[in-house]
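These numbers come from the heavy atoms of this one structure, side chains and all, not from hydrogens, waters or symmetry mates.
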Amino acid sequence: MSVEQAPVQRADFDQVMVPNYSPAAFIPVRGEGSRVWDQTGRELIDFAGGIAVNALGHCHPALVKALTEQANTLWHVSNVFTNEPALRLAHKLVDATFAERAFFCNSGAEANEAAFKLARRVAHDRFGPEKHEIIATVNSFHGRTLFTVSVGGQPKYSDGFGPKITGISHVPYNDLEALKAQISDKTCAVVIEPIQGESGVVPADKDYLEGARKLCDEHNALLIFDEVQTGVGRTGSLYAYQHYGVTPDILTSAKSLGGGFPIGAMLTTSELAKHLAVGTHGTTYGGNPLACAVACAVLDVVNTPQTLAGIKAKHERFKTRLEKIGQEAGLFTQVRGVGLLIGCVLSDAWKGKAKDILNAAEKEGVMVLQAGPDVVRFAPSLVVEDADIDEGLARFERAVGKLTQG
Ligand SMILES: *Cc1c(COP(=O)(O)O)cnc(C)c1O
């Protein structure tokens, strides 16, 4: 028995939704692997991956199985009780990383909110209230809550909402001297995206992360890696810190962790975790059985030598073809990124026009992303089929051809 659904169109968005987004003209209704179909039955290849979320594409059988089995078992109990999927997921994350403790929430912003609160709490407990300063990087992105937009520090996200959280400073990314000049004994934490995602897919230099680690240790500050975008296999390592060989004190994860089901996690050591004692922090949904059961299934598929090696191979497949397309069309000056987080930097002639390229790509049946106005970003499924890569990039090439030939 199915209930008749009222028909809805893209135009309804402008009538009934808060206008904080400007979605594409078509509405995706179904997905399978790296293919998506819209309301008219048109098929698209998905290299956007729900913004680095659909780690295993759409409706991956292992995730559908985990979700439906859990849906028939137990949905929600709150944190007044623990639950089996949450404990299993915490074990998997602890076994696979530096971390000894996990805190679950529902988004990247919330994972960062927990990380920043933990860092301040630790410093407060150990050294007193003076040590509360957080150093972040220019053009970073950490989410949209008031604390996280204050730490992100980009005026377009943080201005006009009243007083910001204070005690936060910003230094240029990949500039160790600038960090060295800013860090002090009042610093409680330094937060870095190992690859700046939203602002252009900019990978950190290894020296920079190593230097940041050393400076934090010298000043009793915690090193936080925001791996909301880089985590869960995106770089070809389970977490980007493993790719770089630099271990943070606190790591945040979300996006790909749930493969499309909302979940976030903050990972840390036992020594630090104990500062969030009973009652100091929490969330109603955090560690929800549905989310955790799906995330367990995501990790089981992603955290295998085959999947991780496949991501590195697929990177090369994307990069080689994108460099060729970019050169022939005079479109890109550089194709950068690690694993399946790839940014194509637009040439001077195309600066500011990433959105036009997205739109042209969509018309040819391929979904891509931008990362700021000057970078076209690819964040596809980590198990995207080679045939889908080839077909999607052929479509992308056609789109670019039409655009550059007027
Ligand atoms: C997307 C993102 C966030 C925010 O995650 P939400 O789930 O949107 O709250 C935080 N940090 C980074 C690096 C991100 O890419």
Side-chain angles (χ1 to χ4, degrees), residues 20-25 46-53 108 136-144 149 152-159 170-175 178 192-205 208 226 228-230 234-235 240 255 315 318-364 366-380 392-393 395-406:
N20 61 317
Y21 304 113
S22 154
D46 184 5
F47 289 157
I51 317 185
V53 166
T137 64
V138 174
N139 288 333
S140 62
F141 184 79
H142 300 297
R144 301 294 202 108
V149 292
Q154 300 193 49
K156 66 178 174 187
Y157 298 137
S158 59
D159 280 4
H170 298 91
V171 294
Y173 190 71
N174 264 338
D175 183 341
I192 298 175
E193 293 167 80
I195 301 171
Q196 280 193 333
E198 292 307 303
S199 57
V201 189
V202 187
D205 300 329
Y208 175 61
D226 177 346
V228 170
Q229 190 150 162
T230 56
R234 188 57 50 189
T235 62
K255 290 202 168 100
H315 170 91
F318 266 99
K319 189 173 161 129
T320 309
R321 184 91 180 258
L322 284 170
E323 279 175 343
K324 188 163 162 284
I325 296 171
Q327 266 160 22
E328 280 166 5
L331 194 65
F332 308 141
T333 56
Q334 193 194 2
V335 177
R336 66 190 176 199
V338 183
L340 288 174
L341 182 57
I342 296 170
C344 303
V345 184
L346 295 176
S347 63
D348 282 344
W350 291 91
K351 276 231 156 29
K353 294 193 176 146
K355 185 78 194 218
D356 297 339
I357 295 167
L358 255 64
N359 290 338
E362 184 261 292
K363 286 204 183 71
E364 289 298 319
V366 56
M367 295 149 74
V368 301
L369 296 167
Q370 61 187 116
D374 305 329
V375 174
V376 178
R377 175 174 38 160
F378 293 76
L393 289 179
R395 294 180 189 185
F396 185 71
E397 187 166 9
R398 275 203 296 280
V400 164
K402 284 189 184 165
L403 199 65
T404 52
Q405 280 145 40

Hey, mind stepping through Glu193 and Val202 against side chain to side chain contact (heavy atoms under 4.5 Å, CB included) and telling me if it holds?
-> CA-CA 9 Å; Glu193 293 167 80; Val202 187; over 6 Å; no
Begin with the C-alpha distance, continue with both residues' side-chain angles, and end with the deciding distance and a verdict on side chain to side chain contact (heavy atoms under 4.5 Å, CB included) for Glu323 and Phe332.
-> CA-CA 7 Å; Glu323 279 175 343; Phe332 308 141; over 6 Å; no
Intermediate values then yes/no, side chain to side chain contact (heavy atoms under 4.5 Å, CB included), Val376 and Trp350 | CA-CA 11 Å; Val376 178; Trp350 291 91; over 6 Å; no
Candidate pair Phe396 and Phe47, rule side chain to side chain contact (heavy atoms under 4.5 Å, CB included), full reasoning | CA-CA 10 Å; Phe396 185 71; Phe47 289 157; 5.7 Å; no
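The distance from the CD atom of Glu397 to the CD1 atom of Ile325 is 4.5 Å, given to the nearest 0.5 Å. The CG atom of Asp374 sits 13.0 Å away from atom SG of Cys344, with the distance rounded to the nearest 0.5 Å. The line from CG of Leu322 to NE2 of His315 is 9.5 Å long, rounded to the nearest 0.5 Å. Note that CZ of Arg377 and CG of Leu341 are 7.0 Å apart. Values are rounded to the nearest 0.5 Å.
Remark: side-chain polar atoms of Arg336 are paired, donor with acceptor, to backbone N or O of Gly200 under 3.5 angstrom. Using modelled atom types, one side-chain atom of Ser347 and one backbone atom of Leu331 make a donor-acceptor pair closer than 3.5 Å. Under a 3.5 Å cut-off, the side chain of Asn174 and the backbone N or O of Pro203 do form a donor-acceptor pair.
A side-chain contact (heavy atoms from CB on, under 4.5 Å) with Val335 is found for one member of Lys319, Lys324, Arg321 and no other, namely Lys319.
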I'd like a table of donor-acceptor pairs (distance under 3.5 Å, sequence neighbours excluded) in which one partner is a side-chain atom from residues 399-406, with atom names and distances.
residue	atom	partner	partner atom	Å
Lys402	NZ	Glu364	OE2	2.6
Thr404	OG1	Val400	O	2.8
Thr404	OG1	Gly401	O	3.3

